Every structure is written in C-alpha cells, then in structure tokens.
Amino acid sequence: MIDFRLGEEYEALRKTVQDFAQSEVAPVIGGFYEREEFPYEIVRGMARMGLFGLPFPEEYGGMGGDYFALCLALEELARVDSSVAITLEAGVSLGAMPLFRFGSAEQKEKWLPSLCSGEALGAFGLTEPGGGSDAGATRTTAKLDGDEWVINGSKSFITNSGTDITRLVTVTAVTGEKPGGGKEISAIIVPSGTPGFTVAPKYSKVGWNASDTHELSFADCRVPAENLLGERGRGYAQFLSILDEGRVAIAALSVGLAQGCVDECLRYAGEREAFGHRIGEYQAIQFKIADMEVRAHTARLAYYAAASKMLRGEPFKKEASIAKLVASNAAMDNARDATQIFGGYGFMNEFPVGRFYRDAKILEVGEGTSEVQRMLIARELGLR
Ligand SMILES: Cc1cc2nc3c(=O)[nH]c(=O)nc-3n(C[C@H](O)[C@H](O)[C@H](O)COP(=O)(O)OP(=O)(O)OC[C@H]3O[C@@H](n4cnc5c(N)ncnc54)[C@H](O)[C@@H]3O)c2cc1C
C-alpha cells in the first residue's frame with residue numbers, strides 16, 4: 001500500500017509547529033542569531049508544546065508519538081530557523097534517545113522526565129578533536145577504579161553541551177581491549193558539573209549561531225560505575241544506531257531549510273522589480289524556484305521513505321543515508337539559489353535567506369559527512 005498523505009495527528013502537529021515557528025520564532029530569531037545567543041524563551045515554548053517528549057512514552061512525560069512526528073516538527077522549525085531545529089534535534093535524538101534505548105530502568109527514571117519535559121537538555125559526545133568520521137578511533141578513555149569510572153580525554157563540537165539547562169552528556173570512551181584485540185568502546189553518562197569535566201567557551205561558528213556548541217574535556221573525571229549506559233563494550237554500536245535515526249532527523253531538518261528557501265523566494269520574487277517587471281515574471285527566476293521546489297519535494301520523499309521503514313522496524317540504514325545525502329544537497333543548493341534571487345539583500349542579515357545560506361553547509365557535515373553517507377550506501381550495496 002502506498003499512501004503519502006499524513007494522518008490527522010501528524011497533520012495537526014505539523015500545523016501547530018508551523019504556527020509556532022511563524023509567530024514565536026520568525027519575528028525574533030534573527031536577533032538571537034546575530035548576538036550568537038541561545039534562545040531560552042523559544043526553547044521553553046517548544047518545551048511547553050511537548051516537542052522534547054514527542055517520540056517518548058507518556059510514562060516518562062513524553063507525548064507517546066513516534067520518530068516521524070519529531071521529523072515533521074524539525075522540518076517545520078527549520079523552514080524558519082535551523083538553530084532552533086538543531087537544538088530540538090540534538091536534545092531529543094542525541095540527548096534523550098540513547099538513554100531511552102539503552103538506559104537501565106533507574107537511568108530512565110532519573111533522567112528522562114526532565115529531558116522529555118524540556119526543562120533539561122542532554123548532549124551526545126562522540127566526535128573528538130582528532131576526528132569524527134572515524135568514530136572508532138576514540139581516544140577518550142574510561143578506567144574502572146573501584147566503583148567509579150575515571151574519564152580522561154576530550155570531545156569536540158558537542159551540541160547543547162553548555163546551556164544553563166544542560167544536565168548531562170553521554171560520551172563514548174575506550175574502556176579496555178576486546179577479547180580478539182581492538183578497542184572496547186562504551187558509553188558513559190557524565191552529569192554536568194562533575195569535577196574534572198570542563199566545558200570550554202562556546203565556538204564562534206559560521207552558522208547555527210543561536211545554537212549551543214562546545215568542546216568538552218575530561219581530566220580524571222569520576223562518575224559512578226552505574227553511569228555506564230547499556231552493555232560495556234557496546235558503546236560504538238549503540239551510537240551508530242542512534243546516528244542512523246539521527247540522519248533521518250537531519251534529512252527532515254534539511255528539507256525544512258530547502259522549503260524555507262522556496263517560501264522566501266516566492267514572496268520576494270513577487271515583490272521585487274527589475275527592468276519594469278517583478279523578477280518572478282522572468283523565466284530564469286521561475287526555473288530557479290521550480291528547481292528549488294523539486295529538490296525540497298524529492299528530498300522529503302526520501303526522508304518519508306526512510307522513516308516509514310524505520311517505523312515498520314525494517315532495516316533502514318541505506319535509506320537514512322540516501323535521505324541525509326539528498327536532503328543536505330537540496331538544502332545547500334536551495335540556499336545558494338535563494339541568496340542569488342535576493343541579490344544584494346541575500347547578503348544582508350535583514351532577510352532569512354542569508355542565515356539559511358550559512359546554516360546549510362553544516363548539514364553536509366554533521367551526523368556523518370556526505371562522503372560518509374556515500375561510504376555507507378556503497379557498503380549497504382555490498383561493496384567492500
Ligand atoms: C556545529 C556542529 C555541531 C556538532 N554536534 C555534534 C554533537 O552534538 N555530537 C558529536 O559527537 N559530534 C557533533 N559534531 C561533529 C560532527 O558530527 C563531525 O564534525 C562530523 O562527523 C565530521 O567529523 P570531523 O569534523 O572530525 O571531520 P573528519 O572526520 O576529520 O573529516 C574531514 C573530511 O574528510 C572526509 N573523510 C573522512 N574519512 C574519509 C574517507 N574514509 N573517505 C573519504 N573521505 C573521508 C570527510 O568526509 C570530511 O570531508 C558537530 C559538528 C558541528 C560542526
């Protein structure tokens with residue numbers, strides 16, 4: 001059966017988030033972006049709507065929805081602003097989801113309610129200064145000393161890791177050697193404020209300027225042994241599965257940015273005049289906008305296809321990578337065309353398209369670069 005229509009609940013959520021993005025985010029986000037300030041009030045607004053608990057069961061204070069609902073919310077937010085969207089994406093898919101999927105009953109009870117309500121944020125620390133694509137090359141170590149892990153090392157580019165409401169970061173660390181040789185990598189929860197855990201000042205970034213990103217360092221940082229997340233030695237595999245889902249979410253976010261470019265260009269091309277005509281009357285501009293719509297539309301189909309396999313419980317690794325690759329390309333291409341259609345105003349902070357342009361690039365890098373997506377697709381096709 002093929003039916004691409006959204007069910008009533010999905011459609012209602014999409015509309016609610018769209019209204020919120022238009023009324024609460026669009027009027028103010030440019031200022032936060034230029035000041036490089038984290039928009040706490042907007043995050044509280046998203047929390048009040050239950051967005052941080054969307055795919056989690058009600059017993060943890062979640063909304064009892066699913067991962068596709070999160071994707072729809074991300075698309076509508078990113079249509080207006082990507083900093084806000086990535087704050088939600090990282091909070092849910094990277095911060096809370098590892099605890100939900102792999103946490104013990106006690107860990108879930110302890111952390112999930114505040115993460116689902118959006119009162120608190122969690123972060124996900126995989127990338128290190130020495131490399132992100134080769135995630136197995138982790139250098140951070142955690143040694144068991146009595147009933148405590150002692151963590152040493154650093155993590156780079158970690159989203160949501162230094163806000164006033166950040167409560168934890170889950171990090172991958174080498175906890176020993178595998179029986180057959182090679183690194184044993186495990187995931188460990190480190191609460192914010194633990195002695196020996198330092199959050200560096202925020203990065204100065206090209207885009208996502210109203211989102212929170214820091215380098216983290218760990219110097220003899222001690223956490224209780226029970227902060228191990230899931231099975232010892234399974235940290236790498238756990239994080240890879242979290243990234244498969246995350247790629248569908250980033251694809252949705254990319255589609256939002258690509259569609260936001262179409263929205264802005266339709267408006268502008270209908271108003272701006274050159275040579276005695278509205279620029280939208282020129283075929284060169286019409287074709288550009290038509291191509292932008294085609295990219296957004298096809299990328300949306302790609303993430304819907306990946307999400308539908310994910311929700312059916314079928315393998316979706318290849319589809320997730322295809323969606324992420326297609327959608328991040330669409331975002332990048334649409335952002336470039338949109339700024340061109342805006343002419344000089346495309347280069348001004350006064351209009352959102354300049355922000356879209358700066359925000360698009362990271363979509364080809366974060367949660368697996370485009371090269372990594374191609375490697376994964378090739379591998380899924382049996383190429384070794
Ligand atoms: C704003 C921002 C937020 C982020 N948030 C998080 C977060 O919350 N948590 C987290 O863990 N990480 C986060 N990241 C890190 C992100 O996931 C990594 O930057 C990304 O995975 C790439 O890793 P790298 O930067 O180390 O690049 P590298 O791995 O050093 O890659 C450099 C280049 O080499 C290419 N390359 C690498 N290996 C190969 C190969 N085998 N074949 C061909 N090409 C190859 C890459 O595609 C890339 O073009 C964030 C990054 C940014 C910028």
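Only heavy atoms go into these numbers, but all of them, side chains included; no hydrogens, no water, no symmetry mates. Note that ligands are numbered from 1 as they come in the structure, with each ligand's atoms numbered from 1 the same way. Every value quoted in this text rests on a predicted model; they were computed, and no experiment measured them.
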### Query
Does G132 reach ligand 1 with a nitrogen or oxygen that is under 3.5 Å from one of the ligand's nitrogen or oxygen atoms?
yes
#### Entry: Sub-4.0 Å protein heavy atom near atom 34 (O) of ligand 1
no
#### Entry: Heteroatom distance test (G125, ligand 1): nitrogen or oxygen, under 3.5 angstrom
no
### Summary
The side-chain hydrogen bond (donor to acceptor under 3.5 Å, both in side chains) partners of N152 (sequence neighbours excluded) come to D220
### Query
Under a 4.0 Å heavy-atom limit, does T369 contact ligand 1 with its side chain, its backbone, both, or neither?
side chain
### Contact atoms of ligand 1, heavy-atom distance to E367 under 4.0 Å
17 (O)
### Message
Does any N or O of ligand 1 fall below 3.5 Å from an N or O anywhere on E128, backbone included?
### Response
no
### Task
Measure from atom 9 (N) of ligand 1 to every heavy atom in F239, F124, Y203 and give the option owning the shortest one.
F124
### Query
Going by the order shown, which atoms of ligand 1 are within less than 4.0 Å of some heavy atom of V365?
19 (O), 20 (C), 21 (O)
### Task
Report yes if the side chains of I86 and E89 come closer than 4.5 Å at any heavy-atom pair, otherwise no.
yes
### Query
Is it true that the side chains of S254 and K324 contain a donor and an acceptor less than 3.5 Å apart?
no
#### Entry: Heavy atom of protein closer than 4.0 angstrom to atom 29 (O) of ligand 1
yes
### Query
Taking non-hydrogen atoms only, is I362 closer than 4.0 angstrom to ligand 1 via side chain, backbone, both or neither?
side chain
### Task
Answer yes if the side chains of E215 and S154 hold a donor-acceptor pair under 3.5 Å, and no otherwise.
no
### Message
Residue-level breakdown please: for W208 versus ligand 1, do any non-hydrogen atoms fall below 4.0 Å on the side chain, on the backbone, on both, or on neither?
### Response
side chain
### Message
Would E371 count as a polar contact of ligand 1, with the cut-off being nitrogen or oxygen pairs under 3.5 Å?
### Response
yes
### Query
Got the closest protein heavy atom to atom 4 (C) of ligand 1, with its distance?
F157 O, 2.8 Å
### Message
Is the contact between M375 and ligand 1 made by the side chain, the backbone, both, or neither, using heavy atoms and a 4.0 Å cut-off?
### Response
side chain
### Task
Indicate yes or no: does an N/O atom of T159 lie under 3.5 Å from an N/O atom of ligand 1?
yes
### Task
Taking the side chain as every heavy atom from C-beta outward, state whether Q259 and M292 have any pair of such atoms under 4.5 Å apart.
no
### Query
What residues, two or more places apart in sequence or in another chain, satisfy side-chain hydrogen bond (donor to acceptor under 3.5 Å, both in side chains) together with Y33?
D359
### Task
Identify which one of F347, Y357, Y268 satisfies the ring-ring contact (aromatic ring centres under 6.0 Å, His included) criterion when paired with F342.
Y268
### Message
Is the shortest side-chain heavy-atom distance between E293 and I289 below 4.5 Å?
### Response
no
### Query
Under 4.5 Å between any side-chain heavy atoms of F124 and S93, yes or no?
no
### Query
Quick one: does V372 get a heavy atom under 4.0 Å from ligand 1?
no
### Task
Indicate whether the side chain of K205 and that of T213 have a donor and an acceptor atom separated by less than 3.5 Å.
yes
### Message
With a 6.0 Å cut-off on the ring centroids, do Y10 and F68 count as close?
### Response
yes
### Query
Relative to atom 31 (O) of ligand 1, which among G366, S133, A90, G207 owns the nearest non-hydrogen atom?
S133
